[in-house]
Amino acid sequence: MAKVVAVLATTHHPFFYRTSNLPAEERPEYADAWVRKVEAYRATLERARPDLLVMVGSDHFHQLWLDNMPQFLVGKAPMYDANFYNEEREFGLPRMSLKGHEELSAHVLREGLDRGFDLAFSNELRIDHSITCPIITVRPQNDLPIVPIYTNIFAPPLPRPERFVQLGRAIREIIGSWPGDLRVAVIGSGHLSLELGGPRQFGPHGPDPEFDRRAIGWISSGDIEGALAGVSLDSLWEPGNATHGFLDFLLMMGVAGERKADYADSLDLFHTMEAYFTWYPNGAPA
């Protein structure tokens, strides 16, 4: 039987790779603190010794567009090409190739359908920075197979917040029903308050520090009910026009269950609040 040995919820800032690889004399003043926090976060995954990563992210209109936008999609390919040209150009992200796990992908798809989730799938999915940035930060050797799951957080109408929590709970159950002996880490990335292309982009901090404070409190304490009471599809426009990425944090809270995070950290990084959370559902590894 597969076991969820760690659940990680994180932001996915695309500038980390470039910033962390700059020579010391060219690094911005926040770079060293950022690297230290990411390395500490990486250790929380290393402790769990996973065999496979289920990766939850959201396509940034790279492969999925308004002519055909699934709400939830499972990748089921043997290999995934990763990062798109504009991500290489703007963020300095590398081309990547990620190994898939077709059998577990097919299991997630079948079991998800049977649990009432009309999941889409792709045998030719290309991965963008919502998944590759967490790989770069917590598993830079990129040596584990993945099962990618994409959510729609950009193109209304979106699933309601409670549906993300429900899918997270289902993913945890589905992994546990896999008959193979696998140690699985579920890693999902989203946003706190975020403005893209609007007047509050690139400010001295995230566009809504009060929302960030409340969101970090909900996530770190496992307060799913508080989070669901505190947000709606309409209210998430107010902290910033891309704050619906918080829905993926709700999904990860559903995977983890209503429990306090075993690890929580954050970094106020000029235009955004970076945040890192880890849960060990079966207790902290020895």
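For the single chain, residues carry numbers from 1 onward in sequence order. Just so it is clear, the structure is predicted and the values come from calculations on it, not from any experiment.
- Looking only at distances, no side-chain donor or acceptor of Glu195 sits under 3.5 Å from a matching main-chain atom of Pro207.
- In this structure, His191 contributes its side chain and Leu194 its backbone to no donor-acceptor pair below 3.5 Å.
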Show which side-chain atoms of residues 165-173 pair as donor or acceptor with protein atoms under 3.5 Å away, not counting sequence neighbours.
from: Gln166; atom 1: OE1; to: Arg163; atom 2: NH1; distance (Å): 3.0
from: Arg172; atom 1: NH1; to: Val255; atom 2: O; distance (Å): 3.0

| Stepwise ring pair (Phe, Tyr, Trp, His ring centres under 6.0 Å) test for Phe211 and Phe246 | CA-CA 11 Å; Phe211 175 83; Phe246 179 68; 5.6 Å; yes

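- Qualifying side chain to side chain donor-acceptor pair (under 3.5 Å) partners for Asn152, counting only residues two or more places apart in sequence or in other chains: Gln71.
- Taking the side chain to side chain donor-acceptor pair (under 3.5 Å) definition, one finds that Arg110 meets it with Asp114, sequence neighbours left out.
- For Arg95, the salt bridge (Lys or Arg N to Asp or Glu O under 4.0 Å) partners are Glu88, not counting sequence neighbours.
- With values rounded to the nearest 0.5 angstrom, Met252 atom CE is found 12.0 Å from Phe277 atom CZ.
- Between Tyr263 and Tyr280, the ring center distance fails the sub-6.0 Å criterion.
- Taking the six-membered ring for Trp and the full ring otherwise, Phe61 and Phe154 have centroids separated by under 6.0 Å.
- One distance of note links CZ of Arg183 with CG of Asn282; it measures 8.5 Å at 0.5 Å rounding.
- For His129, the ring pair (Phe, Tyr, Trp, His ring centres under 6.0 Å) partners two or more places apart in sequence, or in a different chain, are His12, His60, Phe91.
- Atom-to-atom distance recorded for Asp248:CG and Ser130:OG is 8.0 Å, nearest 0.5 angstrom.
- Judged by distance alone, the side chain of Ser122 and the main-chain N or O of Gly75 form no donor-acceptor pair under 3.5 Å.
- Under the rule for a ring pair (Phe, Tyr, Trp, His ring centres under 6.0 Å), the partners of His62 that lie at least two apart in sequence or sit in another chain are Phe84.
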Can you give the donor-acceptor pairs under 3.5 Å from side chains of residues 267-276 to other protein atoms, not counting sequence neighbours?
from: His271; atom 1: NE2; to: His13; atom 2: NE2; distance (Å): 3.4
from: Glu274; atom 1: OE1; to: Thr11; atom 2: OG1; distance (Å): 2.9
from: Tyr276; atom 1: OH; to: Trp34; atom 2: NE1; distance (Å): 3.1

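- For Arg213, the salt bridge (Lys or Arg N to Asp or Glu O under 4.0 Å) criterion is met by Glu210, not counting sequence neighbours.
- The distance from atom OG of Ser232 to atom CZ of Arg160, rounded to the nearest 0.5 Å, is 8.5 Å.
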With a 3.5 Å cut-off and sequence neighbours excluded, list the donor-acceptor pairs that the side chains of residues 135-148 form with protein atoms.
from: Thr137; atom 1: OG1; to: Cys133; atom 2: O; distance (Å): 3.1
from: Thr137; atom 1: OG1; to: Pro134; atom 2: O; distance (Å): 3.1
from: Arg139; atom 1: NE; to: Asp143; atom 2: OD1; distance (Å): 2.8
from: Arg139; atom 1: NH2; to: Asp143; atom 2: OD1; distance (Å): 3.4
from: Arg139; atom 1: NH2; to: Asp143; atom 2: OD2; distance (Å): 3.2
from: Asn142; atom 1: ND2; to: Ser97; atom 2: O; distance (Å): 3.0

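- Listed by first and then second residue, the side-chain hydrogen bond (donor to acceptor under 3.5 Å, both in side chains) pairs involving residues 14-31 are Arg27-Asp32 (not counting sequence neighbours).
- More than 12 heavy-atom neighbours from other residues, nucleotides or ligands sit within 6.0 angstrom of NZ on Lys37.
- Electrostatic pairing of Glu46 and Arg42 does not count as a salt bridge here, judged by no charged N lying under 4.0 Å from a carboxylate O.
- Taken together through direct or relayed side-chain contacts under 4.5 Å among Ile, Leu, Val, Met, Phe, Trp and Tyr, Leu64 and Leu66 form part of one hydrophobic cluster.
- Between atom CD1 of residue Ile224 and atom CG of residue Leu250 there is a gap of 8.0 Å, rounded to the nearest 0.5 Å.
- Residues that satisfy the salt bridge (Lys or Arg N to Asp or Glu O under 4.0 Å) test with Lys76, not counting sequence neighbours, are absent from this structure.
- The salt bridge (Lys or Arg N to Asp or Glu O under 4.0 Å) test applied to Asp223 returns no partner, not counting sequence neighbours.
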